[in-house]
Amino acid sequence: MELLAVSQAPRRTVVVLAAGEGKRMKSATPKVLHPLLGRTLVGHVLAAAAAAEAGTTLVVVGHRAEQVTAHLVEIEPTAVPVLQAEQHGTGHAVRIALEAASEAAGTVVVLNGDVPLLRPATVGALVAAHEQGGVAATVLVAEVADPTGLGRIVRGADGGLDRIVEERDATAGQRALREVNAGVYAFDGALLREALSKLSTDNDQGEEYLTDVFGLLASLGHAVGVHVAADPDETLGCNDRAELASLRALLRDRVNTAWMRAGVSILDPSTTWIDVTVTLEPDAEIDQNTQLIGATAVGAGAIVGPDTTLVDTTVDAGAVVLRTHAIGAQIGPEATVGPFSYLRPGTKLSRKAKVGGFVETKNAELGEGAKVPHLSYVGDAEIGPRSNIGAGTIFANYDGLRKSRTTVGEAAFVGSDTVLVAPAEIGPGAYVAAGSVITGSVPAGALGVSRAPQRHVEGWTARKRPGSASDEAAKRAQAGEQ
Ligand code: UD1
Ligand code: CA
């Protein structure tokens with residue numbers, strides 16, 4: 001009789017350690033919630049951890065637990081927060097996590113919450129090496145130029161891992177080692193549980209160190225493995241804001257290089273900051289000193305920058321956006337924006353629409369080819385296709401109590417320095433005379449004009465500014481006329 005071969009995907013559990021305060025950040029915000037090009041530190045770690053394809057993801061929270069938990073609900077609702085009310089070390093944190101998940105078996109992948117440059121592929125390779133090696137535990141290591149502050153990898157005579165020693169507990173000889181613990185591990189779940197129950201607090205900080213599990217397992221004769229990270233930058237932790245800034249620069253370069261390889265032109269990569277959440281199409285061109293943030297997307301052949309910040313903004317193919325600040329805007333194909341434009345949420349520009357210099361828009365839809373070229377405020381408005389809004393036009397949308405809308409019909413023409421007091425409606429093909437204050441509506445095809453008739457006070461300069469340059473200029477002109 002043949003036994004049925006049951007192929008079963010290995011069960012895995014991920015544990016992310018995020019309970020620490022991160023004292024050296026000197027911040028009211030917990031360290032793992034600090035942002036780094038589109039995700040928080042813990043957000044990056046969770047994104048990398050996804051490669052472990054775990055059935056359960058536990059996140060150990062402690063310092064400002066409510067804040068971290070609320071963030072998890074937003075970014076990774078399936079992650080289970082586990083409270084470590086007092087932080088007695090990384091070993092203590094994992095022990096508490098596994099106590100809360102008594103069913104967790106198979107491989108347990110543990111990640112520090114502060115290694116944001118870790119790549120998903122590296123986590124995948126670590127887990128594969130661990131499971132294929134059939135070892136009790138595997139640690140991700142890297143050889144670094146400056147190992148200050150990190151746990152050192154102490155290898156035995158056979159080259160295998162002997163133990164991990166924290167810098168503050170290390171001998172001078174161990175401190176000279178440059179191979180360090182990245183804070184990313186894979187364990188056999190059952191052996192990990194057993195080892196955690198035996199951890200001591202006999203170290204400089206009086207904490208339960210997760211890293212001691214390796215020495216314990218090795219001394220009990222279990223095989224422990226070392227997985228060397230291909231790119232040591234991936235293992236960099238973040239302990240203070242100077243380190244955060246260096247991580248940000250490294251991630252910027254990584255993101256920019258990937259986009260350039262994908263066909264995007266980035267004219268000055270060192271001043272271009274693109275969130276990991278942004279998407280760009282080939283032949284988009286990003287000029288210097290530009291930030292692309294959040295859910296921003298830039299289409300093929302569009303030009304963005306210089307000196308532009310786009311937050312959650314879409315720029316369609318062939319659009320041009322110069323020296324602009326935009327939040328929650330949709331910029332249609334071949335539309336042009338800037339220089340010095342401020343697009344606020346709800347701005348929607350159709351094909352070939354134009355928003356020019358010193359124009360602010362909010363909840364404003366511009367139809368195809370509609371133009372607001374200069375010095376205007378357009379709030380709560382709909383502007384029909386091919387309409388032109390003159391320089392200095394203000395859509396007065398707020399009466400101190402409520403906001404109202406204004407619509408401008410197709411191919412209408414609003415003269416310069418006009419105030420459209422909402423609610424107002426300018427009909428299709430209507431004109432509004434420069435300097436008008438419009439309330440209510442202007443019918444289709446009509447000219448709306450509301451301004452005082454012009455009059456002249458003759459000889460005013462001669463009487464009120466006698467002998468002035470103006471008086472003399474006027475007198476010369478008058479003499480010439482005769
Ligand atoms: C740890 C490692 C060190 C390694 C380094 C890599 C230990 C003992 N040392 O040191 O070998 O080189 O990471 O960056 O593990 N945390 C909790 N609860 C706690 C303590 C910490 O959740 O009680 C969390 C922190 O929020 C952080 C992570 O665990 O995300 C690591 O803690 P941290 O204090 O930064 O450890 P390191 O001293 O950097
Ligand atoms: Ca750390």
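Along the sequence shown, residues are numbered consecutively beginning with 1. For ligands, and for the atoms within them, numbers begin at 1 and follow the listed sequence.
Where the criterion is an N or O separation shorter than 3.5 Å, residue side chain and backbone included, G89 meets it with respect to ligand 1. Annotation: A19 places an N or O atom under 3.5 Å from an N or O atom of ligand 1; distance criterion only. Backbone and side-chain nitrogen or oxygen atoms of E166 are examined, and one is located within less than 3.5 angstrom of a nitrogen or oxygen of ligand 1. At a 3.5 angstrom cut-off on N or O pairs, G20 counts as close to ligand 1. For ligand 1, one of its N or O atoms has an N or O atom of G151 under 3.5 Å away. For ligand 1, the polar-atom distance check against I164 finds no nitrogen or oxygen pair separated by under 3.5 Å. At least one N/O-N/O distance between G113 and ligand 1 falls below 3.5 Å.
Side-chain contact annotation: S270 with D268, donor-acceptor N/O pair under 3.5 Å present. Side-chain atoms of Q291 and T309 include a donor-acceptor pair closer than 3.5 Å. In the model, D169 has no side-chain atom that pairs as donor or acceptor with a side-chain atom of N203 under 3.5 Å. A donor-acceptor pair shorter than 3.5 Å can be found between the side chains of E131 and T107.
Residue-ligand proximity, A18 to ligand 1, at heavy-atom distances under 4.0 Å covers atoms 22 (O), 26 (O). Ligand-side atoms of ligand 1 in range of L150: 5 (C), 6 (C), 12 (O), 14 (O), range being under 4.0 angstrom from any heavy atom. In summary, the atoms of ligand 1 found under 4.0 Å from a heavy atom of H88, numbered by their order in the structure, are 23 (O).
Atom CG of D204 has more than 12 heavy atoms from other residues, nucleotides or ligands within 6.0 Å. Atom CZ of R24 has 12 or fewer neighbouring heavy atoms from other residues, nucleotides or ligands inside a 6.0 Å radius. For NZ of K362, the number of neighbouring non-hydrogen atoms (other residues, nucleotides, ligands) closer than 6.0 Å is greater than 12.
For the pair T211 and ligand 1, a heavy-atom separation below 4.0 Å is found. Under a 4.0 Å heavy-atom criterion, A182 is in contact with ligand 1.
In terms of protein heavy-atom proximity, atom 13 (O) of ligand 1 is closest to N112 ND2, 2.9 Å. With respect to atom 24 (C) of ligand 1, the closest heavy atom belonging to the protein is L17 CB, 3.6 Å. Here the protein heavy atom with the shortest distance to atom 32 (O) of ligand 1 is T90 CG2, 3.9 Å. The protein heavy-atom contact nearest to atom 35 (O) of ligand 1 is D114 OD2, 3.6 Å.
Aromatic pair F358/Y342: ring centres not closer than 6.0 Å.
Taking CD of E234 as the reference point, atom CG of L118 lies at 5.5 Å (rounded to 0.5 Å).
Considering N181, V59, D212 only, the shortest heavy-atom separation from atom 12 (O) of ligand 1 involves N181.
Residue contacts with ligand 1, taken as heavy atom pairs separated by less than 4.0 Å, involve Q84 solely via side-chain atoms from C-beta onward.
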query = Which is it for E76 and T57 under the side chain to side chain donor-acceptor pair (under 3.5 Å) test, yes or no, and what are the steps along the way?
reply = CA-CA 9 Å; E76 192 95 26; T57 298; 5.7 Å; no
message = Could you go through V264 and D283, starting from their C-alpha distance and side-chain angles, then the distance that decides it, and tell me whether this counts as side chain to side chain contact (heavy atoms under 4.5 Å, CB included)?
response = CA-CA 5 Å; V264 172; D283 284 325; over 6 Å; no
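Nearest N/O/S atom of D114 with respect to the Ca ion (ligand 2) is recorded as OD2.
Listed for the T324 side chain is no donor-acceptor partner under 3.5 Å among the backbone atoms of V321.
Distance remark: protein heavy atom not present below 4.0 angstrom from atom 38 (O) of ligand 1.
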